[in-house]
Amino acid sequence: MDASKPIGIFDSGIGGLTVAHAIKTRLPNESIIYFGDTAHLPYGDKSEAAVQAYSVKIADVLLQKGCKVIVIACNSASSAAYELLKEYVGKKALVVNVIDPMVEYVGIHYRNARIGLIGTRRTIDSHVYQDKISELDQQIELCSLPTPLLVPMIEEGFFNNRISDEIIEAYLGDPVISDIEAIILGCTHYPLIRKQVVAYYNEKVHVLDSSDITAVYLKDLLEANHLLSAEQSGDDVFLVSDYTRSFEASTKLFFRERVELIKYALWE
Ligand code: DGL
């Protein structure tokens, strides 16, 4: 592995750009190859087997392009395909997901606490957060709620407005996730509604999103493996398995700057 090689990042679509943005902010010398599987989104409602098949296909593309690390910037794919990808990729690249960095963070900061988790059905039903947090053995009580309406709502540009406030209120008011000290935003789209969630709880509940936590984790991992790029290393590339203008327009919401999307079909 060579430190000057790019960081590969993938998601079901453009939501993972929140993670890509955090990585670029923490690691400005690194170049990234982002892959958004827009042909198959959403992953949140797909079977585990389908998400695994897409993830392996995308890993092949990122390996072909010489990536030194593959970041699974999607909770649904992290919960369905991380173990498989790690085995599949072997020594060719490092593999990082967005769940382990969060679990590690929660383990350090929320011992004995009751915390909430919201995410797609795929993520919540997988129980991966629950299993990993239980393994910490730190008496953390995790309560989870699937919130499937939030991804389409955000993709349609409904956030920071009254309608989205009401939907968020309806979900967060569910007794299943009451009396919590912190809430994990377990989906890479949710940083866009972070402010609204903070406001809902009147700043009394800590709102944790995985984008920056994953970027810090990645930085430490690259450093430990002597894989941090010493100097600005090449252009960023943004690939999507299906292209529409509306995808390109939405990238600005998630990456904070407009990017040029290049179509790259996964299956011919
Ligand atoms: N980005 C995905 C996640 O973090 C959500 C979008 C989808 O369902 O594909 O779970």
Side-chain angles (χ1 to χ4, degrees), residues 7-24 32-62 65 67 70-82 85 96-99 118-124 126 146-159 164 167 185-194 209-211 214-215 236-267:
I7 294 174
I9 304 173
F10 80 89
D11 175 46
S12 57
I14 46 192
L17 286 170
T18 55
V19 181
H21 181 265
I23 289 173
K24 284 300 286 185
I32 59 169
I33 298 183
Y34 182 89
F35 195 103
D37 192 9
T38 45
H40 300 114
L41 73 97
Y43 280 5
D45 296 327
K46 298 280 185 316
S47 69
E48 185 180 64
V51 174
Q52 287 178 341
Y54 304 146
S55 300
V56 165
K57 227 24 200 171
I58 295 166
D60 274 338
V61 174
L62 296 174
K65 296 195 174 294
C67 293
I70 295 177
V71 180
I72 311 175
C74 171
N75 281 266
S76 307
S78 292
S79 58
Y82 172 61
L85 272 199
V96 170
N97 65 60
V98 286
I99 297 178
I118 53 172
T120 64
R121 284 204 180 93
R122 171 85 270 122
T123 299
I124 302 299
S126 75
T147 48
L149 249 189
L150 297 183
V151 165
M153 178 190 91
I154 293 166
E155 290 202 335
E156 286 302 319
F158 283 86
F159 52 92
S164 55
I167 294 172
L185 303 184
C187 173
T188 52
H189 280 65
Y190 298 176
L192 272 70
I193 55 163
R194 186 174 201 286
D209 87 62
S210 52
S211 46
T214 302
D236 299 330
V237 177
F238 298 87
L239 306 171
V240 281
S241 50
D242 189 24
Y243 175 85
T244 66
R245 268 179 202 281
S246 84
F247 288 144
E248 192 153 277
S250 305
T251 55
K252 192 159 189 307
L253 300 176
F254 294 89
F255 199 62
R256 303 200 201 159
E257 55 188 89
R258 196 175 278 268
V259 296
E260 188 200 343
L261 297 180
I262 301 165
K263 184 168 172 197
Y264 190 107
L266 274 184
W267 278 276

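Bear in mind that the values here come from a model prediction, so they are computed numbers and not experimental data.
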>> I'd like to know if the side chain of T188 and the backbone of C74 have a donor-acceptor N/O pair within less than 3.5 Å.
In response: no
>> Determine whether a donor-acceptor pair (N or O, by modelled atom type, separation under 3.5 Å) exists between the side chain of S241 and the backbone of L266.
In response: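 No: the side chain of S241 does not pair with the backbone of L266.
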Please give me the minimum heavy-atom distance between [X] and [Y], naming the atom from each residue.
X   : Y   : result
F10 : L62 : CD2-CD1, 4.2 Å
I72 : A77 : CG2-CB, 3.6 Å
A20 : Y34 : CB-CD1, 4.1 Å

> Yes or no on side-chain contact (heavy atoms from CB on, under 4.5 Å) for L85 and V56, after CA distance, side-chain angles and deciding distance?
Replying inline: CA-CA 6 Å; L85 272 199; V56 165; 4.0 Å; yes
If I take atom [atom1] from residue [X] and atom [atom2] from residue [Y], how far apart are they, to the nearest 0.5 angstrom?
X    : Y    : atom1 : atom2 : answer
I58  : I70  : CD1   : CD1   : 10.0 Å
N75  : S12  : CG    : OG    : 10.0 Å
I167 : L150 : CD1   : CG    : 7.5 Å

With sequence neighbours left out, what residues match [X] under side-chain hydrogen bond (donor to acceptor under 3.5 Å, both in side chains)?
X    : answer
D242 : none
T120 : S76, T123
D209 : R194, S211
Y190 : T147

> Where do C187 and V151 land on the side-chain contact (heavy atoms from CB on, under 4.5 Å) test, with the steps shown first?
Replying inline: CA-CA 8 Å; C187 173; V151 165; 3.6 Å; yes
Can you give each donor-acceptor pair under 3.5 Å made by side-chain atoms of residues 245-256, sequence neighbours left out, with the distance rounded to 0.1 Å?
unit_1	atom_1	unit_2	atom_2	d
S246	OG	T244	OG1	3.3
E248	OE1	L261	N	2.8
E248	OE2	Y243	OH	3.4
S250	OG	S246	O	2.8
T251	OG1	E248	O	2.5

> Would you call I193 and S164 a side-chain contact if the rule is heavy atoms closer than 4.5 Å?
Replying inline: no
> Side-chain contact, heavy-atom cut-off 4.5 Å: D236 with V259?
Replying inline: no
Sequence neighbours left out, cut at 3.5 Å: what donor-acceptor pairs do the side chains of residues 40-47 make with other protein atoms?
unit_1	atom_1	unit_2	atom_2	d
H40	ND1	D37	OD1	2.8
H40	ND1	D37	OD2	2.9
Y43	OH	D37	OD2	2.6
K46	NZ	H40	O	3.0
K46	NZ	P42	O	2.9
S47	OG	A50	N	3.1

Which residues pass the side chain to side chain contact (heavy atoms under 4.5 Å, CB included) test with [X], sequence neighbours left out?
X   : result
I7  : I9, I23, L27, E30, I32, K68, V69, V71, L218, L222
K65 : I33, V61, L239, Y264
E48 : Q52, A80, R122

